[in-house]
There are 2 protein chains.
Amino acid sequence: MNTSDRLIESTRALLWERGYVGTSPKAIQQRAGAGQGSMYHHFTGKPDLALAAIRRTAEEMRAKAEEQFAGPGTALERVSAYLLRERDVLKGCPIGGLAQDPDVVADPALRRPVEETFDWLRGRLAEVLAEGRERGELSASLDPAGTASAVVAVLQGGYVLARAAGSAEPYDRAVKGVLGLLAAQATL
Amino acid sequence: MNTSDRLIESTRALLWERGYVGTSPKAIQQRAGAGQGSMYHHFTGKPDLALAAIRRTAEEMRAKAEEQFAGPGTALERVSAYLLRERDVLKGCPIGGLAQDPDVVADPALRRPVEETFDWLRGRLAEVLAEGRERGELSASLDPAGTASAVVAVLQGGYVLARAAGSAEPYDRAVKGVLGLLAAQATL
DNA sequence: GTCTATAATTTGATAGAC
DNA sequence: GTCTATCAAATTATAGAC
């Protein structure tokens with residue numbers, strides 16, 4: 001891994017652990033094993049480096065989600081697989097956490113990849129649900145778009161509740177709760 | 001309002017806008033119109049002041065939620081009223097946002113009021129849903145505890161998605177989505 | 001490309017005058 | 001109780017040697 005990559009990986013880890021406001025260039029350099037000159041040679045500053053890091057994290061997140069969505073099983077099984085997939089719940093969502101950061105939200109360049117990731121996720125979930133409805137697995141009265149929004153929100157909210165509790169339990173309860181409501185939409 | 005109160009109110013506003021990591025004692029003092037000596041006379045430091053601010057915000061939040069829960073109407077109407085109540089969606093949840101802050105989560109004293117607020121909220125929502133089920137408004141197969149967890153998560157996740165999008169729309173969509181799933185649990 | 005000064009500013013707090 | 005020094009460390013860079 002070259003210096004540029006090490007700097008990006010260091011930034012990704014720190015953005016996840018400390019957020020954008022809580023991450024200093026110095027900490028990025030130390031974790032990457034690079035000097036200041038090195039960092040300012042490859043990137044114009046903290047925002048530039050953060051953008052590269054966020055883009056890479058977003059790309060990785062989409063790829064991992066698509067594994068579940070494109071997998072086998074009914075629509076409900078694929079949504080369940082996605083929500084119940086092993087996650088570092090207590091660390092929070094590496095993308096969702098950025099939405100709480102004031103400096104990320106204030107900078108359109110930094111906010112865009114976050115927004116796009118959630119747009120994609122919601123759209124992809126809606127497709128899976130719509131497919132399940134067409135196949136007759138889910139009630140014809142189910143609203144795929146609205147339900148997809150709710151599912152993404154439960155996921156993000158589950159992370160928030162878990163961090164607040166210092167335990168993964170609230171995440172599991174919330175996911176089971178929404179899966180229970182979804183199961184009631186399954187045709188017998 | 002005395003100096004102590006002004007300092008607490010200043011801290012409350014800054015914690016909401018900038019988070020704990022992003023809030024400096026200097027900013028707190030300037031907003032409160034107080035000097036450093038004043039702040040360190042009334043509070044031992046930033047954590048002490050933050051604790052007072054978080055407690056006050058949590059108390060206010062519970063009181064506002066209870067207004068909807070204790071209001072008139074069916075269980076579903078009261079949950080709807082709570083979720084659809086006017087909110088500063090783009091500013092995020094003043095309590096939920098703290099759960100993303102690394103220094104809040106790392107300090108048990110600061111995390112506790114956040115955790116307690118969500119515990120209370122989940123418990124209170126479960127009571128409302130259980131009451132609706134007993135009255136025959138909601139399906140006997142509905143799980144009040146799990147559903148309450150999911151509803152709180154949708155609320156918190158809705159805030160996250162709205163901030164990511166720079167628009168309140170994702171919040172509204174997520175809330176409508178979960179209310180749609182809940183409506184399907186209503187007895188005819 | 002990488003490194004080591006250097007520096008203006010901010011952070012989070014203490015000391016002591018009033 | 002409130003204020004103004006004062007302070008050591010961190011922040012976010014820039015400059016210039018190697």
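Chain identifiers are assigned alphabetically (A, B, ...) following the order of the sequence lines, protein sequences preceding nucleic acid strands; residue numbering begins at 1 within each chain.
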field: S24(A) vs dA10(D): side-chain N/O to OP1/OP2 distance below 4.0 Å
entry: no

task: State which of dT11(D), dA13(C), dG1(C) makes the closest approach to the side chain of P25(B).
output: dA13(C)

query: Expressed in angstrom and rounded to an integer, what is the separation of H42(A) atom NE2 from dG1(C) atom P?
result: 7 Å

message: Just the rounded figure in Å: distance from C1' of dA7(C) to CD of Q36(A).
response: 11 Å

statement: Between M39(A) and G37(B), whichever has its closest DNA chain D nucleotide further toward 5' is G37(B)

- prompt: Any side-chain N or O of H41(B) under 4.0 Å from OP1/OP2 of dC3(D)?
  reply: no

query: Does atom NZ of K46(A) have more than 12 heavy-atom neighbours from other groups under 6.0 Å away?
result: yes

- prompt: Nearest-Å distance, NZ (K46(A)) to P (dT10(C))?
  reply: 15 Å

task: Specify the separation, in whole Å, of atom CD of Q29(A) and atom P of dG1(C).
output: 18 Å

Below 4.0 Å: OP1/OP2 of dT2(C) and any side-chain N or O of T3(A): yes

- prompt: Is it the case that more than 12 heavy atoms not belonging to R87(B) sit under 6.0 Å from its CZ atom?
  reply: yes

message: Could you work out, with salt bridge (charged side-chain N to carboxylate O under 4.0 Å, His left out) as the rule, every residue matching R62(B), not counting sequence neighbours?
response: none

Nearest-Å distance for atom pair CD1/P, residues I28(A) and dA10(D): 16 Å

task: Round to the nearest Å and state the distance from D48(B) atom CG to dG12(C) atom P.
output: 15 Å

message: Looking at E9(A) and R31(A), is there a salt bridge between them, counting it only when a charged N and a carboxylate O are closer than 4.0 Å?
response: no

query: In whole angstroms, how far is the P atom of dT11(D) from the CG atom of D103(A)?
result: 14 Å

message: How many whole angstroms separate atom OH of Y40(B) from atom C1' of dA5(D)?
response: 15 Å

